[in-house]
Structures are given as C-alpha cells and as structure tokens.
Amino acid sequence: MASVGRGQAVFALVDCNNFYASCEKLFRPDLRNTPVVVLSNNDGCVVARSKEAKALGIKMGVPVHHIKTEINRYGIQVFSSNYTLYGDMSRRVMNTLEALAPRVDVYSIDEAFLDLTGIDRVVSFEDFGREVKNTVYQNVGLPVCVGIAPTRTLAKLANFAAKKYPATGGVVDLTDPARQRRLMARVPVEEVWGVGRKLSARLQAMGIVTALQLADTHLATLRKQFSVVLERTARELNGVPCVPWEDVPAPKKQIMCSRSFGRPLQKLSDLEEAVAHFATRATEKLRGGQQYAGELMVFIRTNPFKATAPQYSRSASVKLIQPSQDSRVLVQQAQNLLRPMYREGFDYAKAGVMLGELVEVAGVQEDLFQAAAEQAPDNGRSERLMAVMDTINRRSRATVYMAREAGPAAYAMRREHLSPAYTTCWNDLPEVR
DNA sequence: TCTGGGGTCCTAGGACCC
DNA sequence: TCTGGGGTCCTAGGACCC
C-alpha cells in the first residue's frame, strides 16, 4: 500500500466511462453489446461513443454524415443528445459521491474531484477508490473510473491509466512517486491535462514526447517559451499542487446561449424570434445564479463550412446603464442590437447571446445620473415578476414566455434520434413487465 | 443535404497617464 | 548624432477544458 506524508494533499478524479453513451445504454439493456454513438446538437457530429463504437474506429467529433457507411454496416445505434437525461443522471452520480467523500468539486457533467487528504489513516486509497466505483454502479448503474494522486493533473493521469488498462479494474492509486514516473514514461505528452493539439505539436518539435519528459523539463524554460500555465502543469506532474481547492464554486463571469438552427434562416423576424429565445434562456441562467448582467452581446452568422455560399458574420454589444436580470429588458436590448446588424440575402446558420460584466445581487450599483424618482417606480416589481415566471417554468417548461419568442420555432434543432425522458417525465418512465 | 455548445485563463499590444 | 520610463487599463485573440 502506498503511503503519503501526513497532511499532504491527495485528490481522486472520478470520471464516468463514455458518459452519454452509457446513459443511453442504461435504459436499453437490449443494446448491451451494440456500438452506440451520441450526436451533438442538431445531430451534427459524434460527441460520445460506447466502447464498441470506439473499437470500430469511430473518432470523436467526426460529422455523422462521414460515417454513414459504418453506421449501416455495423448496425451502430445513433442517439441525439438528450441533455435532460444526462443532467439528471449526472446529479445522481454527484449526490452519491457527496455521500462518500467529505469534499467534492464537480468539475463537469461527468467528472468530479474528491479531496481524500488524510483518508488513508482509515482505509487505503485503492480500497476507497473501489468502494466509490462499486457504490456509483450500484446506486446509479453507470460505470466510472477512479484515479488517485497528490495533484489534480496526476489524478487525471491516473484516471487515464485506469481507463486504458483493464487490469487495473478501473482504479489507480498514483500516490507513489516511483509509480508516477513509470506511468508518465509510457504516456504521450498530448494526454496530459492542459496540453492540447497546439502545445503538443510545439513540445514534440522540441523532443518532448512523453509526460515524463515534460515533467523533467526546466521550469524556467517552459515559462519563457510557453507560459505560466504550462509551467504549473509541469509542477503538478512533479507532485506539487498548483490549483487551490475551492469549496464554493467561483461565480460565473459570462453566460452564453447560442445554437445552430435546424435549417438556415433568411428572415429578420425568424432571427428576432431565435435571439429573443436565447436572451430569455441566458437571463434565466443569470437569475439562477443570483446575478445581474452589465453587458449584452449578440452575434449572427452564416455557415462557414459552406464555402460556396456568401458569408456574413457580425456581433454587437451594449453596456447596460444599470445591470439587469429582467428578461424584458435584455430581450429588448438584444433586438436593438440585432436589427442594425441584419442584412438581407444570407442563409443564417447560427446566432447567440452572451451576458457579461456579471455582478452579484448585492453589488448592483445605482445609476448616479438618474433621478431617484425614475429609479424608484419599479420598486422590486421586476424581481417579483421574474421570480413568478421562473417558478411556473420550473414546474412546466416554457409555460410563460416573452411575446417575441412566440410561434412555432423556425430555428428549432434537428433531433431525429432522441431517446425518451426516462427519468424526468412520468409518461416516459421505463416499464418493467 | 449534413461540421456542438459553453466555459476559463493568459498574453500581447495599444491607449493613456504622469 | 541624440527622441524616457514606468505604470494601469482595456481588448482581442489564442490556448485549453468537457
């Protein structure tokens, strides 16, 4: 059993295997050994693959129309993204983890860091990892892998090994420095957390090919030739934690809502409808985080992949005189930005709304140059109206909406392979006969 | 026919100030 | 001939993550 110094930090990274594909399979036992892929919004490209699909060589991010032949030849099951389902399954996984570990940092929809500092006085890291894996599988039905190490970057690497080498049984304790070096020597540098395509190309050109070579590179060189980011990564590979643990998630700095349209739009009125919808959704998220937006940005663009068609792409932003979380205000501002940008004669493929300069409720500044009487008349009415809208819409999606959003959505997504809402809709509950 | 959506952090460079 | 230096703030763009 590996041991670490008293008080030395230890993290576990728990990561669901092929998360979206596993969620789909969970409710379709008939697909147990069938290759499954899940598509991005609008059924565009592959964003998740079951292990059978990976074995067939289906690549991450490939447009689905490029793999039509394989889909037919191998009987690959295709699903549209069902974020309602994945979000609900994610919540169940995270709840289970929170019951097992004292401190949990939910990092993304399918992974979380656990703080295991000091836990080896009671149970070995390896045994704890197996308990996590088994409990999640028992409670939720989803397979996970667990990597354990003194830094998050090494925990990521441990998780990579747990996934890649079946002999590990899906759990790797990487607290032992000698074991860290042995693993790093076998792992390509591009697998290191924080090293993407561009960086790995530059590193390889310098002869740095493995994770271990990166760990052993002079820190000052990394900082000088790259940046502090890569220097920190190298430090973390050497077991020195550089990312502080945060119990309270940092407040968001921007909120975005954007979507490609199911089919190209030409008319201003259709774009107005889409932009109103995006602004409404973004503002809901804003209120969910108890924040106000000080800035609003709107963009529209044609399809850059369609090289033969005339291209057009514009964005515009406005600083609000007073930060707001009122859908009426932000939808109106978004329309004001959209109309002057719009040009006739283009096939618009995508639009979006971004909220920035976010402030907490308590930090809202009164407008210095507005007469008190002009500021006062609302008197909290906006907050109350929005709260009522949110309450109603939480119970039943989109019961109350802005007038601009009305009508059958011309911008609606393509989702031709959508699975039922097994866990969030009574009518879609799976039946056991 | 058909290529996602939503984030974060860092750096370089320009404007501006004294 | 010789044309400062240091600081801040903002923005755009690039890199990364899932």
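No hydrogens, no waters, no symmetry mates; every other heavy atom, side chains included, goes into these values.
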Exercise. For the rings on Tyr83(A) and Tyr86(A), is their centre-to-centre separation under 6.0 Å?
Worked result: yes
Exercise. Okay, side chain of Asn18(A), backbone of Ala21(A): is any donor-acceptor separation there less than 3.5 Å?
Worked result: no
For this session: Between protein and nucleotides 4-10 of chain B, map the contacts as a letter string: B base, S sugar-phosphate only, - none, heavy atoms under 4.0 Å, written 5' to 3'.
Result: BSSSBSS
For this session: Provide, to the nearest angstrom, the distance between the CG atom belonging to Leu230(A) and the P atom belonging to dC17(C).
Result: 11 Å
For this session: Check the angle between the aromatic planes of Tyr348(A) and Tyr312(A) and answer parallel, tilted or perpendicular using the 30° and 60° thresholds.
Result: perpendicular
For this session: Figure out the CD/C1' separation between Gln225(A) and dG14(C), and round it to whole Å.
Result: 18 Å
Exercise. Any idea which heavy atoms bring Ala48(A) and Tyr20(A) closest together, and the distance?
Worked result: CB-CB, 3.7 Å
Exercise. Salt bridge or not for Arg152(A) and Asp115(A), using N-O below 4.0 Å?
Worked result: no
Exercise. Base, sugar-phosphate, or nothing for Asp43(A), non-hydrogen atoms under 4.0 angstrom?
Worked result: nothing
Problem set entry | Tyr137(A) atom OH, over 12 foreign heavy atoms within 6.0 Å | no
Exercise. When all nucleic acid strands are considered with a 4.0 Å heavy-atom cut-off, which category describes Leu199(A): base, sugar-phosphate, or nothing?
Worked result: sugar-phosphate
Exercise. Taking CD from Glu111(A) and P from dC17(C), how many angstroms apart are they, rounded to a whole number?
Worked result: 11 Å
Exercise. How many Å lie between CZ on Phe160(A) and P on dC18(C), as a whole number?
Worked result: 12 Å
Exercise. Taking CZ from Arg202(A) and C1' from dT11(B), how many angstroms apart are they, rounded to a whole number?
Worked result: 12 Å
Exercise. Between dT3(B) and dC18(C), how far is it from one P atom to the other, in whole Å?
Worked result: 25 Å
Problem set entry | Whole angstrom value for the distance that separates C1' of dT3(B) from CD1 of Ile67(A) | 12 Å
Seminar exercise, completed: Using Watson-Crick geometry (N1-N3 plus N6-O4 or O6-N4) or G-U wobble (N1-O2, O6-N3), each under 3.5 Å, dT8(C) is paired with dA15(B)
Exercise. Ile109(A) has an atom CD1; how far is it from atom P of dC18(C), in whole Å?
Worked result: 14 Å
Exercise. Once you round it to whole Å, what is the distance between C1' of dT3(B) and CG of Asn303(A)?
Worked result: 8 Å
Exercise. For Lys68(A), which contact category applies under a 4.0 Å heavy-atom criterion: base, sugar-phosphate, or nothing?
Worked result: nothing
For this session: If the plane angle is over 60° it's perpendicular, under 30° parallel, otherwise tilted; pick one for Phe113(A) and Phe11(A).
Result: perpendicular
Exercise. So what does Val64(A) hit on the nucleic acid, given a heavy-atom distance under 4.0 Å: a base, only sugar-phosphate, or nothing?
Worked result: nothing
